[in-house]
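What follows is a single structure, written as structure tokens, with notes after it.
The residues of the chain are indexed from 1 along the displayed sequence. Counting convention: from 1, in listed order, for ligands and their atoms alike.
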Amino acid sequence: MTVLVVNSGSSTVKYQLLDPAAGQRIAGGLVERIGEAGSTAPDHGAAMDQVAEQLADAGYDLREATDLTAIGHRIVHGGERFTAATVIDAGVLAAIRDLVPLAPLHNPGGIAGIEAMRAIRPDVPHVAVFDTAFHHGLPPRAATYALPAELAREHQIRRYGFHGTSYAWVSARAAEVLGRPLAGLAMIVLHLGNGASAAAILGGKPVDTSMGLTPLEGLVMGTRSGDVDPAVVFHLHRVAGLDPGEAETLLTAKSGLLGLCGDNDVREVTRRADEGDPDAILALDVYCYRIRKYVGAYLAAMGRLDAVVFTAGVGEHSARIRAQSLAGLEGLGITIHHGHNEQHRTVISPSGSAVAVLVVPTDEELQIARETLAALKN
Ligand code: ADP
């Protein structure tokens, strides 16, 4: 049994062919620059043809393979309707399309990817796996913005939360590492990649998460501001003449680490900070301080804490960010063993700590593959 996992963005398609039962990766790759001038992939249809060619080079005939059980598509926004992975039919595709206003930067690529893959394999089930689904049970007090209630309901304005596939995988793995049932654990998971978010997870269920209506809210990210006073947008409109589209581009693509210091890759920012570059030092300070504030907030939200878990590109690889983010929290029982941290061990808190601090690699593709199979049984 194999599952093809497809993650289609507006200009990229990432894919992995997996054997979910064995947890094995058979092949994988990437098509970039879709639709850009001079690209070999003018649209998602051409990009999926390239996926098929790449898989053929790896010895897998995507168009004819009989062992292909299903194709799982990562979809960023599932709105209020999609609370779990869902087999795609015309109605589901229309519903994902209806959600485009909530995720104009993310859902269109996913939709184009579904259509292009269905053209290649109309005979196998296609499943949509939503980044928002994990958070669907967020308590109303965490999901609700203090806006006029009727307006918010009418336009579905609420906190949705993202990176749910990663949270599902990482929280389950963290429980395995700790050797305790997930049901009894209070954990804060820090998903720090290009996009970054935090989640408070109690007994495997979401209590709160830092991304909101869109993936813009919360932590400082590579190019996204995370939390700012919403009045910044109105102020920029008045003093600099920015229209809403320009303000959106500013906050999503030109802010975060990139805006603070001119680089969005934590490796480069760290290198510059090590050389004493003041912009890079401040950028890392702002980035880590924001994480620390969320850790404190989520400890308060849950009232207790068993583990802080780092994951994704930055969380898995940057000992410096991990140490700087949690520095000064010893009074809350959160301590890092610096030697273990530098060695990127799984457990980076000293033995006997009140709160375990873990580094757990995420595997969104394998989680999507497993949820894809689970959706077929529903
Ligand atoms: P995405 O959000 O695109 O899935 P990842 O989770 O792969 O991204 O994270 C990518 C980011 O991880 C990079 O932009 C980079 O900042 C960071 N990163 C990767 N490796 C390292 C490293 N060794 N040290 C610090 N940061 C790293």
Side-chain angles (χ1 to χ4, degrees), residues 5-16 25 28-34 73-77 103 105-106 109-110 129 131-132 161-170 173 189-199 209-211 214-226 252-275 277 280-281 283-288 290-291 309-326 341-345 348 359-368:
V5 172
V6 182
N7 180 354
S8 307
S10 56
S11 67
T12 61
V13 171
K14 294 184 212 160
Y15 67 93
Q16 277 191 17
R25 221 163 304 278
L30 166 74
V31 178
E32 289 179 292
R33 303 186 57 229
I34 299 166
H73 296 266
R74 177 197 180 213
I75 300 295
V76 170
H77 215 308
L105 306 179
H106 296 96
V129 181
D131 259 27
T132 47
F162 298 86
H163 290 139
T165 304
S166 180
Y167 288 126
W169 175 269
V170 169
R173 277 286 302 132
V189 182
L190 299 163
H191 178 109
L192 310 176
N194 273 318
S197 70
T209 192
S210 61
M211 285 177 167
T214 75
L216 180 56
E217 195 180 349
L219 303 181
V220 177
M221 312 181 209
T223 65
R224 295 179 217 154
S225 61
T252 57
K254 298 180 180 172
S255 296
L257 293 174
L258 181 70
L260 285 167
C261 74
D263 276 302
N264 64 299
D265 191 312
V266 167
R267 281 166 292 205
E268 184 58 18
V269 183
T270 303
R271 192 193 59 72
R272 285 172 50 194
D274 286 342
E275 290 175 352
D277 181 324
I281 291 170
L284 291 184
D285 270 357
V286 175
Y287 184 97
C288 292
R290 185 78 53 83
I291 294 171
V309 189
F310 287 93
T311 193
V314 179
E316 291 166 29
H317 299 114
S318 177
R320 178 191 181 127
I321 295 283
R322 294 191 298 254
Q324 196 175 331
S325 301
L326 300 187
N341 185 37
E342 295 293 334
Q343 291 164 7
H344 306 288
R345 290 212 195 162
I348 60 169
V359 179
V360 173
T362 192
D363 195 337
E364 290 168 277
E365 291 78 14
L366 187 50
Q367 179 70 23
I368 289 173

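A salt bridge does not link R272 with E268: none of the charged nitrogens is closer than 4.0 Å to a carboxylate oxygen. At a threshold of 4.0 Å, the pair D274-R320 counts as salt-bridged, since one of the basic side-chain nitrogens sits closer than that to a carboxylate oxygen. By the 4.0 Å N-to-carboxylate-O rule, D363 lies close enough to R25 to be salt-bridged with it.
Between H77 and F162 there is a side-chain heavy-atom pair separated by less than 4.5 Å. Annotation: side chain of H344 is not in contact with side chain of V359 (no heavy-atom distance under 4.5 Å).
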Which protein N or O atoms sit under 3.5 Å from any N or O of ligand 1? Give each pair with its distance.
unit_1   : atom_1 : unit_2 : atom_2 : d
ligand 1 : 2 (O)  : N194   : N      : 3.0
ligand 1 : 3 (O)  : N194   : ND2    : 3.1
ligand 1 : 6 (O)  : G313   : N      : 2.9
ligand 1 : 12 (O) : V314   : N      : 3.4
ligand 1 : 14 (O) : N194   : OD1    : 2.9
ligand 1 : 16 (O) : D265   : OD1    : 3.2
ligand 1 : 16 (O) : V266   : N      : 2.8
ligand 1 : 20 (N) : R267   : NH1    : 3.4

Full working for side-chain contact (heavy atoms from CB on, under 4.5 Å) between R271 and D277
CA-CA 9 Å; R271 192 193 59 72; D277 181 324; over 6 Å; no

